[in-house]
Amino acid sequence: MERTLVLLKPSTIERALVGEIVNRFEKKGLRIVGMKMMQLTDEILAQHYAHLVKKPFFPILKASMMKTPVIAMCLEGVDAIAVVRYITGYTNGRKADPGTIRGDYCMSNQQNIVHASDSPEAAVEELNRFFRPEEIFDMGDLNLDRLYAVDEL
Ligand code: IDP
Ligand code: MG
């Protein structure tokens, strides 16, 4: 069982797509084990997008990520990190496959609806950055027998 971070970006909030995007992850069978609205800051974005701070588009990216609060989610499931990336789709919404969130809901390379952790290491680091331990909940066996075969758990 893995946990991964998803951020619903300001473009999702502004376009009133929160319910639709949350619905996609829920319907897939990923369990929401943490969820909160928060305003991002210069400091947290410099950490979160450390690999991009020197890119010419970083100031625009930062401003777009601070335009409204975001919704941070911790999603849980077998292989959740890879599954969430797959559902999210390619970074640029214009090139993302139809059926993926970015492919279905955006036209932008930057305002691309969601962030999703890209590796097990990133998931641990990012969940620690966005959530306190007590903000992530242990759901135990709830619904697992409906979501998986016994030998998948
Ligand atoms: P990812 O979100 O698919 O993991 P990253 O390369 O980690 O993609 O970039 C993080 C975010 O930075 C993207 O989701 C997008 O919002 C923005 N971004 C990445 N590359 C570009 C670019 O070339 N132009 C503008 N924004 C970009
Ligand atoms: Mg990334």
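Each ligand, and each atom within it, is numbered from 1 in the order the structure gives. We use all heavy atoms of the structure for the numbers below, so side chains are in, but hydrogens, waters and symmetry mates are not. The shown structure was predicted, so the numbers you read here are calculated from the model rather than taken from an experiment. Residue numbers count from 1 along this sequence.
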| query | Counting distance only, does the side-chain N/O of N128 pair as donor-acceptor with the main-chain N or O of V124 below 3.5 Å? | reply | yes

Ligand 1 atoms in contact with [X] (distance to a heavy atom under 4.0 Å):
X: T91; answer: 1 (P), 3 (O), 8 (O), 13 (C), 14 (O)
X: N112; answer: 13 (C), 14 (O), 15 (C), 16 (O)
X: R85; answer: 1 (P), 3 (O), 4 (O)
X: H51; answer: 5 (P), 7 (O)

Heavy-atom contact under 4.0 Å between [X] and ligand 1?
X: H48; result: no
X: L61; result: yes
X: Y90; result: no

| query | Do we get K36 above F131's six-membered ring, with its NZ or CZ under 6.0 Å from the centre and within 45° of the axis? | reply | yes

Among protein heavy atoms, which lies nearest [atom], and at what distance?
atom: atom 27 (C) of ligand 1; value: F57 CE1, 3.3 Å
atom: atom 25 (C) of ligand 1; value: Q110 NE2, 3.3 Å
atom: atom 15 (C) of ligand 1; value: N109 O, 3.4 Å

| message | If you measure every N or O of H115 against every N or O of ligand 1, does any of those distances drop under 3.5 Å? | response | no

| query | Is it the side chain, the backbone, both or neither of K62 that has a heavy atom closer than 4.0 Å to ligand 1? | reply | neither

| Is the shortest distance from a Lys or Arg side-chain nitrogen in R129 or E125 to a carboxylate oxygen in the other one below 4.0 Å? | yes

